[in-house]
There are 2 protein chains.
Amino acid sequence: MTTLKQLAKLLNVSVSTVSKALSDADDIGEETKKRVKELAETLNYKPNKLALGLKSNVTNTLGVVIPDILNPFFAEVLYGIQKQANKKGYDTLVCISNESTQTEINALELLKQGRIDGFIISPASETIQTNNFSHLDAAKNERIKFVMFDRVDNKIETDKVSIDDQKAVFDATEWLISKGKSKIAYLSNIENLNISSDRRNGFHEALAKHKIDPNPNFELNLTNIETAHKTIESFIKTHDFDAAISVDNNSAIMFQSLLKSFRPELVDQITCIGFANAKTSKLAYPPLSYINQNATKIGEKAVDLMIERIKDKSDNPSYKQIKIATDVVEV
Amino acid sequence: MTTLKQLAKLLNVSVSTVSKALSDADDIGEETKKRVKELAETLNYKPNKLALGLKSNVTNTLGVVIPDILNPFFAEVLYGIQKQANKKGYDTLVCISNESTQTEINALELLKQGRIDGFIISPASETIQTNNFSHLDAAKNERIKFVMFDRVDNKIETDKVSIDDQKAVFDATEWLISKGKSKIAYLSNIENLNISSDRRNGFHEALAKHKIDPNPNFELNLTNIETAHKTIESFIKTHDFDAAISVDNNSAIMFQSLLKSFRPELVDQITCIGFANAKTSKLAYPPLSYINQNATKIGEKAVDLMIERIKDKSDNPSYKQIKIATDVVEV
DNA sequence: TTGAAAGCGCTAACAC
DNA sequence: GTGTTAGCGCTTTCAA
């Protein structure tokens, strides 16, 4: 790595002159600036970010803690985070908690070592189930800035980005009802998450609005992936239904596939919808209509909030809770 | 952030005493060590990694450049990288090139600013198609250490981890043949990648070995996702086949789903296999048998190679090319 | 118009 | 057994 010192030596000037020349300070002669810049270019000089960080206490780096990178939703949020962060001149130090509270705590330890200006987190499912947010409380006490996304929690006072889970499922359910459906199966493999109750409420709210009685037997808990196929199969074989809504990213694809196997004659009559994106929707045929969470936008917005918070030096910040609009994509 | 200086002041000792006490140097009195450690614990002292990095030129951070985080394969590799890196005491600075050479170059710029000890990369498809590896050559000239994975290239001399693409597809094809199949559709949405020719060779090699004539009409190019469904549909409707092998992560799921729609009577007789993992295989029903790339292991191995290379101070390194074994998982 | 010096947080050689 | 000093790469104030 080329350093200022090396440049200074080669040019027979002082380090501070080189530093100022490169930042176009107006107390350096044009001629000197030119020489300095040329050599810097030739030797491919890059300022050392560690030194900058040490000096200024600003690292232009955001920490990111993701519960599960194999979940396409989180992968897409990460995509949005990276895109926006780079656009704004920030890098990302990424950790995957793998849904474990301990791993999440370790991640925060790593991030809290002076290398980030703030972090963006969606808590692990274990953290949510055990309601153990002490590490986030600690971060707050240490005045470390962070933004929560997706799995947000009321107990933590900070900036938050999520979709309106209840409304998203409400809208999708109404969409099914508008298609004349009323016997709607409800599929969920995220019963271990706090957002699942919001989504269920949205479902029930839509049923109630349209005077459809909810039927507990129509609500399938698929949280255990080992038994999910069996659960769906048994439902399909024994119930009279005309639609299915999945409140996670996978169940709709599974459901449709099993439907084709066990009640192929029904395929044309049953409408399935789930959370998805343009790409995963096409894994099914016919492609599934889907609830677009706009995961990329969630990531982008989280970065915007984070940067806003970082710039904000006030002692009494007013935190924001942003809800990203979802939409039903009919294909 | 608590610093050594603050601890020193509170304890009325010098900064170096605190530093040594915390690292258990044996020229510090037991009593002093105890006092120092207790206070450090109480104030939640964490050494500043930026300062450590500046001082020692060692950051214990690995750069990672991934072409596409929405691809489950890369997501899983990243998972393996993170897992192994954390285990070995390294953090990861992750960049997504989004299959663009320019973004990849920018990513390397970011990473080359003194904050990483080396980087792990799988090049963007654009980089491979345009055969433009100058930025990696540059990295080599600057003596920056890196490991390539999956999309490895002979022209670059460095450590590499991949699967044996030809063998993986050869094995899977033979597996189909062993089931009595001979009219095998070949599905690929990765015709823009260098590895696709290896995979195709594996397919042809297996056919040749078993004296099956290859039929070009059976080889479907699905690289354009917009036309993929149509291409498959038209093939299914007009050809006589008894199996399908997908050399990417999606096509097999699509193929099976379209098969159920357009030739449901064939579903029981046609065997489909593709690259996948335990989770994505279950998106289909019946779950698909799959070629397990052991993506997690690829990531882990890449980290091992990277760390080995970092520790290796020799001027004339002997680079390794590791092939991770794949296996056919029959479900 | 340029340079010297201090300091960000840390470690290590050397002195006391 | 403990402290002083220098230095990693950089910016910035102040002096020349």
Side-chain angles (χ1 to χ4, degrees), chain A residues 1-37 39-40 43-61 89 109-117 142 144, chain B residues 1-37 39-40 43-61 89 109-117 142 144:
Chain A
M1 287 224 348
T2 313
T3 66
L4 288 189
K5 202 178 181 180
Q6 292 169 13
L7 294 179
K9 199 167 178 186
L10 288 168
L11 292 165
N12 267 316
V13 294
S14 76
V15 170
S16 55
T17 301
V18 178
S19 170
K20 286 188 243 177
L22 287 175
S23 57
D24 252 334
D26 40 61
D27 55 356
I28 299 289
E30 283 308 323
E31 179 57 28
T32 314
K33 279 189 192 172
K34 195 164 155 255
R35 285 174 59 221
V36 169
K37 285 181 178 173
L39 187 65
L43 295 186
N44 198 21
Y45 168 77
K46 300 271 179 275
N48 183 312
K49 290 246 181 179
L50 295 185
L52 287 176
L54 232 203
K55 183 77 187 151
S56 65
N57 249 325
V58 171
T59 60
N60 282 298
T61 303
E109 288 303 320
L110 289 175
L111 296 176
K112 291 191 319 197
Q113 289 164 359
R115 295 179 305 175
I116 56 162
D117 298 337
E142 297 170 51
I144 298 172
Chain B
M1 287 228 343
T2 312
T3 65
L4 288 189
K5 204 179 181 179
Q6 292 169 12
L7 294 180
K9 199 168 177 184
L10 288 168
L11 292 165
N12 268 317
V13 294
S14 76
V15 170
S16 60
T17 300
V18 178
S19 170
K20 286 189 243 176
L22 287 175
S23 58
D24 252 334
D26 38 59
D27 55 356
I28 299 290
E30 283 309 323
E31 179 56 28
T32 314
K33 280 188 191 172
K34 194 163 157 257
R35 285 174 59 221
V36 169
K37 285 181 178 173
L39 187 64
L43 296 185
N44 198 20
Y45 168 78
K46 300 272 178 275
N48 183 313
K49 290 244 181 182
L50 295 184
L52 287 176
L54 233 203
K55 182 78 186 152
S56 64
N57 251 326
V58 171
T59 61
N60 280 299
T61 303
E109 288 304 320
L110 289 176
L111 295 177
K112 290 192 318 198
Q113 289 165 358
R115 295 179 305 173
I116 56 161
D117 298 337
E142 296 171 50
I144 298 172

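Letters go in sequence order (proteins before strands), and every chain restarts at 1. Note that the structure is predicted; figures quoted are calculated from it, not measured.
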J.: Between atom CG in A:Asp24 and atom P in C:dT1, what is the gap in whole Å?
T.: 14 Å
J.: Of all residues at least two apart in sequence or in a different chain, which pass the side chain to side chain contact (heavy atoms under 4.5 Å, CB included) check with B:Asn57?
T.: none
J.: What donor-acceptor contacts under 3.5 angstrom involve side-chain atoms of residues 1-13 of chain A, with partners at least two apart or in another chain?
T.:
from: A:Thr2; atom 1: OG1; to: A:Leu43; atom 2: O; distance (Å): 2.9
from: A:Thr3; atom 1: OG1; to: A:Lys5; atom 2: N; distance (Å): 3.4
from: A:Thr3; atom 1: OG1; to: A:Gln6; atom 2: N; distance (Å): 3.2

J.: Please state whether the phosphate of C:dT11, meaning OP1 or OP2, lies under 4.0 angstrom from any side-chain nitrogen or oxygen of B:Ser19.
T.: yes
J.: Taking only heavy atoms on the protein side, list every residue of residues 43-61 of chain A lying under 4.0 Å from any atom of DNA chain C, sorted numerically.
T.: A:Leu54, A:Lys55
J.: Counting only pairs under 3.5 Å, give me each side-chain donor-acceptor contact of residues 23-30 of chain A, with atom names and distances, residues two or more places apart or in other chains.
T.:
from: A:Ser23; atom 1: OG; to: A:Ser19; atom 2: O; distance (Å): 3.2
from: A:Ser23; atom 1: OG; to: A:Lys20; atom 2: O; distance (Å): 3.2
from: A:Asp24; atom 1: OD1; to: A:Lys33; atom 2: NZ; distance (Å): 3.4
from: A:Asp24; atom 1: OD1; to: A:Lys37; atom 2: NZ; distance (Å): 3.0
from: A:Asp24; atom 1: OD2; to: A:Lys37; atom 2: NZ; distance (Å): 3.2

J.: So which protein nitrogen or oxygen atoms get under 3.5 Å of nucleotides 1-4 of chain D's nitrogens or oxygens?
T.:
from: D:dT2; atom 1: OP1; to: B:Thr32; atom 2: OG1; distance (Å): 2.9
from: D:dT2; atom 1: OP2; to: B:Gly29; atom 2: N; distance (Å): 2.8
from: D:dT2; atom 1: OP2; to: B:Thr32; atom 2: OG1; distance (Å): 3.0
from: D:dG3; atom 1: OP2; to: B:Ser14; atom 2: N; distance (Å): 3.0
from: D:dG3; atom 1: OP2; to: B:Ser14; atom 2: OG; distance (Å): 3.4
from: D:dG3; atom 1: OP2; to: B:Thr17; atom 2: OG1; distance (Å): 2.5
from: D:dG3; atom 1: N7; to: B:Ser16; atom 2: OG; distance (Å): 3.4
from: D:dG3; atom 1: O6; to: B:Lys20; atom 2: NZ; distance (Å): 2.4
from: D:dT4; atom 1: O4; to: B:Ser16; atom 2: OG; distance (Å): 3.0

J.: Return a table of donor-acceptor pairs under 3.5 angstrom between the side chains of residues 48-55 of chain B and protein atoms on other chains or two or more places apart.
T.:
from: B:Asn48; atom 1: OD1; to: B:Leu50; atom 2: N; distance (Å): 2.7
from: B:Asn48; atom 1: OD1; to: B:Ala51; atom 2: N; distance (Å): 3.1

J.: Rounded to the nearest Å, what distance is computed from the CG atom of residue A:Leu22 to the P atom of nucleotide D:dT12?
T.: 13 Å
J.: Under the rule for side-chain hydrogen bond (donor to acceptor under 3.5 Å, both in side chains), what residues qualify as partners of B:Thr32, not counting sequence neighbours?
T.: none
J.: Just jot down the side chain to side chain contact (heavy atoms under 4.5 Å, CB included) partners of A:Lys34, sequence neighbours excluded, or say none.
T.: A:Glu38
J.: Return the minimal non-hydrogen interatomic distance between B:Leu22 and B:Ala40, and the atom names on each side.
T.: CD2-CB, 3.8 Å
J.: Looking at residues at least two apart in the chain, or sitting in another chain, which of them share a side-chain hydrogen bond (donor to acceptor under 3.5 Å, both in side chains) with A:Asn60?
T.: none
J.: How long is the span from the NZ atom in B:Lys112 to the CD atom in B:Glu142, to the nearest 0.5 Å?
T.: 4.0 Å
J.: Can you pull out how bent the helix from C:dT1-D:dA16 to C:dC16-D:dG1 is, comparing the axes over its first five and last five pairs, to 10°?
T.: 60°
J.: Going by heavy atoms closer than 4.0 Å, what residues in residues 2-11 of chain B are next to DNA chain D?
T.: none
J.: Nearest 0.5 Å, what's the CG-OG1 distance between A:Asp117 and A:Thr59?
T.: 3.5 Å
J.: Only counting residues at least two apart or in another chain, list the ones meeting side-chain hydrogen bond (donor to acceptor under 3.5 Å, both in side chains) with A:Ser16.
T.: A:Ser14
